[in-house]
Enquirer: 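Before I ask anything, let me first share the structure, which is written out below as structure tokens.
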Amino acid sequence: MDQNPPDQVPEPANLRFLRLLVTVLTATMIIGLITIITLLVMRLQAPRVTFPDAITLPDGATATAFTQTAEFFAIVTEENEILVYNRTTGQMIKRIPLK
């Protein structure tokens with residue numbers, strides 16, 4: 001008589017190892033995907049920087065870009081100028097024309 005019937009053939013060691021690797025890879029991919037989605041949601045819900053109300057642009061100037069540091073605001077206008085304002089007083093420090 002056969003000691004191992006056809007339904008009960010022992011699984012080769014390589015196949016068990018491969019099954020374990022596939023399971024670990026699947027779990028890693030699921031955790032990675034959840035992490036990426038969580039980071040994207042957190043990043044997209046971050047508060048947006050708003051343009052300060054205290055800054056008054058010169059007549060006819062339209063802002064196209066805005067950046068800020070701890071000391072100043074810089075605004076790029078459609079007229080190809082960079083307007084630099086003091087952050088605490090809101091007064092224009094410098095006007096830099098772009099070529």
Side-chain angles (χ1 to χ4, degrees):
M1 228 187 201
D2 192 14
Q3 292 180 353
N4 292 325
D7 294 340
Q8 307 242 342
V9 176
E11 192 175 64
N14 288 342
L15 188 58
R16 272 182 285 164
F17 180 67
L18 183 60
R19 182 178 296 150
L20 177 66
L21 284 178
V22 169
T23 303
V24 169
L25 177 62
T26 302
T28 303
M29 288 177 64
I30 290 170
I31 291 170
L33 188 61
I34 290 171
T35 302
I36 289 172
I37 291 170
T38 303
L39 291 173
L40 279 173
V41 167
M42 288 172 44
R43 175 71 176 151
L44 293 176
Q45 289 181 348
R48 299 201 179 261
V49 176
T50 57
F51 191 75
D53 295 331
I55 295 178
T56 307
L57 295 176
D59 291 335
T62 305
T64 58
F66 169 77
T67 188
Q68 60 184 342
T69 67
E71 300 174 10
F72 64 86
F73 297 110
I75 301 167
V76 180
T77 65
E78 286 183 348
E79 293 78 26
N80 291 327
E81 290 182 315
I82 298 175
L83 307 175
V84 181
Y85 289 86
N86 186 322
R87 188 178 181 117
T88 55
T89 64
Q91 298 297 319
M92 188 186 315
I93 300 172
K94 192 182 265 190
R95 187 177 209 155
I96 306 168
L98 299 174
K99 295 179 182 182

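Computed from a predicted model, the values in this text were never measured in an experiment.
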Enquirer: According to side chain to side chain donor-acceptor pair (under 3.5 Å), who are the partners of T88, at least two apart in sequence or on a separate chain?
Expert: N86
Enquirer: With ILVMFWY side chains joined below 4.5 Å, transitively, what does I31's cluster contain besides itself?
Expert: none
Enquirer: Could I get the full list of side-chain contact (heavy atoms from CB on, under 4.5 Å) partners for A61, not counting sequence neighbours?
Expert: L57, P58, T77, E79
Enquirer: Let me confirm one number: the NZ-CG distance from K99 to N80, rounded to the nearest 0.5 Å.
Expert: 12.5 Å
Enquirer: Going by side-chain hydrogen bond (donor to acceptor under 3.5 Å, both in side chains), name the pairs with one or both residues in residues 18-40, residues two or more places apart or in two chains.
Expert: E11-R19
Enquirer: Under the side chain to side chain donor-acceptor pair (under 3.5 Å) test, which residues partner R95, sequence neighbours left out?
Expert: E81
Enquirer: Quick one: salt bridge (charged side-chain N to carboxylate O under 4.0 Å, His left out) pairs with a partner in residues 29-42, sequence neighbours left out?
Expert: none
Enquirer: So Y85 and I75, do their side chains get closer than 4.5 Å, heavy atoms only?
Expert: yes
Enquirer: Starting from V24, walk the hydrophobic network (Ile, Leu, Val, Met, Phe, Trp, Tyr; side-chain heavy atoms closer than 4.5 Å) and list everyone else you reach, by chain and number.
Expert: L20
Enquirer: Could you tell me which residues satisfy side-chain contact (heavy atoms from CB on, under 4.5 Å) with E78, sequence neighbours excluded, listed by chain and number?
Expert: T62, T64
Enquirer: Which ILVMFWY residues are connected to M29, directly or by a chain of links, through side-chain heavy atoms under 4.5 Å apart?
Expert: L25
Enquirer: With a cutoff of under 4.5 Å between side-chain heavy atoms, which Ile, Leu, Val, Met, Phe, Trp and Tyr residues group with L98?
Expert: F72, V76, I82, V84, I93, I96
Enquirer: Any salt bridge (charged side-chain N to carboxylate O under 4.0 Å, His left out) involving residues 56-69? Give me the pairs, sequence neighbours left out, ordered by first then second residue.
Expert: none
